[in-house]
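I'd like to ask you about the structure that follows.
Just follow the structure's listing: the first ligand is 1, and inside any ligand the first atom is 1.
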Amino acid sequence: MSDGTLIPLDAFMADANARYYARGDVFGVHGDFITAPEISQMFGEMVGICLADWRARAGLTEATYVELGPGRGTLACDALRTMAAFGPTPPVAFVETSEALRAQQAAAVPDAVWFDRVDTVPDTGPLLIVANEFFDALPIVQWQQVEGSWHRVMASFDGARWNRVVASASTITPESESHHPPAPGSWADDAKDGAIAEASPASVAVMQTLCARLAAQGGVALIIDYGYVGPALGDTLQAVRGHGYADPFSAPGSVDLTAHVDFAALASVAEAHGLAIHGPVPQGVWLIALGIGARCHALSQQHPQRADALAGQMRRLVDPTEMGTLFKVMAVTRADQPTPAGFV
Ligand code: SAH
């Protein structure tokens, strides 16, 4: 990397995360962070129940299970085992760019078929799409308000390390970019100096592809992530390493870079495709509606020595002070297909 290299934040984030996930040792107690399916089998089981119920009510027997960024394959393994109790096991398509994680996913779900990008997944038959903590890993752009105008946030390499910088209007003007900051007269008009606006064009592009597929092929997409219903101002870029927060610019490739998901931005893509949007609802509310309490009770009766641990896992997933409220679940279906369980 040469001195004075200056790249937009989204390019920095895309490159850093590609190198980070290529390592493959990022999840779990000994990794950097723990996701819901790694906390408890009950999470994937509730996803499986939701999909099996939806598939039955939609009158579909042949549908492909598609998961975006399946991590260690734990969610798919738990969901598919649950679906098998209620009907056929669907064919499995995983969208994953990390070779190291593909190897772990193959151990969990040996019959899966892998794709690099969403636009290459099977183009016939209905799709049962799952994305848990996938969209938060996709690159964002940021703009910062400086003396009344929006300036693009960049990453600059000074020869020793990367730093966050704000583009001077003369180096990169928003108008010269394909992505635009909030327009004058829009929702962000009362932004003060220093305010930050975010967008994730990469997430919108993935959502465009998913929605075109759902409109043409039918099916359901379950999007589960931490986020908000925007638009809103604020800096949500964060880096996680060893279960704690780090400077997002300090060690690209060694920390997990994420941003909160704007569910409204994803919903507006679905709306443009004429699809029905369900939620987003808080993860805790959704899991309870699907019966995680009954499942926890049944598992505790089968394994009394694990009852306390199971209760603790459920609490982590549903409690508003843990993952229950920050994490949200949004579903998208074709308007002529059923509403998935947990959204009414
Ligand atoms: N869903 C899993 C893992 C979440 S981490 C869980 O809940 O445990 C993000 C996942 O998305 C990883 O598997 C990562 O390798 C994958 N990923 C990140 N960016 C991607 C991209 N642009 N295309 C495909 N997969 C990507």
ask   = Would you call Leu101 a ligand 1 contact, heavy-atom distance under 4.0 Å?
value =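 The answer is yes, since Leu101 has a heavy atom less than 4.0 Å from ligand 1.
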ask   = Where the side chain of Gln238 meets the backbone of Asp247, is there a donor-acceptor pair that is under 3.5 Å apart?
value =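 The answer is no, because no donor-acceptor pair under 3.5 Å joins these two groups.
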request  = Quick one: sort the Tyr226 and His260 rings into parallel, tilted or perpendicular, breaks at 30° and 60°.
outcome  =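 Aromatic pair Tyr226/His260 classed perpendicular.
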key: Polar side-chain atom of Glu198 near backbone of Thr236 as donor-acceptor pair, under 3.5 Å   =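 Between the backbone of Thr236 and the side chain of Glu198 there is a qualifying donor-acceptor contact (under 3.5 Å).
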ask   = Does the N or O separation between Ser98 and ligand 1 drop below 3.5 Å for any pair?
value =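 In fact, backbone or side chain, Ser98 has no N or O that close.
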inquiry  = Give me the nearest non-hydrogen protein atom to atom 9 (C) of ligand 1 as residue plus atom name, then the distance to 0.1 Å.
reply    =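 Among all protein heavy atoms, the one nearest atom 9 (C) of ligand 1 is Glu133 O, 3.5 Å.
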message = Suppose I only count heavy atoms of Thr97 and a 4.0 Å limit; which atoms of ligand 1 are within that range?
response =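 Heavy-atom distances to Thr97 below 4.0 Å select 20 (C), 21 (C), 23 (N), 24 (C), 25 (N), 26 (C).
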task = Compute the ring centroids of Phe157 and Trp162, then answer whether they are less than 6.0 Å apart.
result =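 Between Trp162 and Phe157, which both carry aromatic rings, the centre distance is below 6.0 Å.
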ask   = Mind checking whether Leu68 has a heavy atom under 4.0 Å from ligand 1?
value =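 Outside the 4.0 Å threshold, so no.
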message = Any nitrogen or oxygen of Glu96 lying under 3.5 Å from a nitrogen or oxygen in ligand 1? Just yes or no.
response =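 Yes - when backbone and side-chain N and O of Glu96 are compared with those of ligand 1, one distance drops under 3.5 Å.
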ask   = Quick one: which ligand 1 atoms are inside 4.0 Å of a heavy atom on Phe134?
value =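 Listed by number with element: 11 (O), 20 (C), 24 (C), 25 (N), 26 (C).
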Ligand-residue contact atoms, ligand 1 with Thr35, heavy atoms, under 4.0 Å =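 Numbered from 1, ligand 1 contributes 6 (C), 7 (O), 8 (O).
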Listed pairs under 3.5 Å, donor-acceptor, residues 308-333 side chains, sequence neighbours left out:
unit_1 : atom_1 : unit_2 : atom_2 : d
Gln313 : OE1    : Ser40  : OG     : 2.9
Asp319 : OD1    : Thr321 : N      : 2.9
Asp319 : OD1    : Thr321 : OG1    : 2.6
Lys328 : NZ     : Gly227 : O      : 3.1
Lys328 : NZ     : Thr325 : O      : 3.0
Lys328 : NZ     : Leu326 : O      : 3.2
Thr333 : OG1    : His278 : NE2    : 2.9

ask   = Please state which protein non-hydrogen atom is closest to atom 7 (O) of ligand 1 and give its distance, to 0.1 Å?
value =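 Here the closest protein heavy atom is Asn132 ND2, 2.7 Å.
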ask   = Considering only heavy atoms of Leu138, which atoms of ligand 1 have at least one such atom less than 4.0 Å away?
value =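 In order of number, 22 (N).
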message = Please confirm whether the ring centroid of Phe33 lies under 6.0 Å from the ring centroid of Phe27.
response =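 Between Phe33 and Phe27, the centre distance is under 6.0 Å.
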task = Can you sort out which atoms of ligand 1 are near Pro37, meaning under 4.0 Å from one of its heavy atoms?
result =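 Those atoms are 6 (C), 7 (O), 8 (O).
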Protein heavy atom at shortest distance from atom 3 (C) of ligand 1 =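 Atom 3 (C) of ligand 1 sits closest to the protein heavy atom Gly69 O, 3.4 Å.
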task = Keeping the roles fixed (side chain from Arg57, backbone from Thr339), state whether a donor-acceptor pair exists under 3.5 Å.
result =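 The answer is yes, because a donor-acceptor pair under 3.5 Å joins these two groups.
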query = Which class fits the ring pair Phe343 and Trp286: parallel under 30°, tilted 30 to 60°, perpendicular over 60°?
reply =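 The arrangement is tilted - the two ring planes meet at 30° to 60°.
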ask   = Are any side-chain N or O atoms of Asn17 and backbone N or O atoms of Asp256, one a donor and one an acceptor, separated by less than 3.5 Å?
value =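 A pair under 3.5 Å: no.
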inquiry  = As an exercise, identify every atom of ligand 1 less than 4.0 angstrom from a heavy atom of Gly71.
reply    =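 Counting from 1, the qualifying ligand atoms are 2 (C), 3 (C), 13 (O).
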message = I want to confirm something. Looking only at heavy atoms, which of Phe135, Phe115, Phe27, Trp114 is nearest to atom 5 (S) of ligand 1?
response =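 The nearest heavy atom belongs to Phe27.
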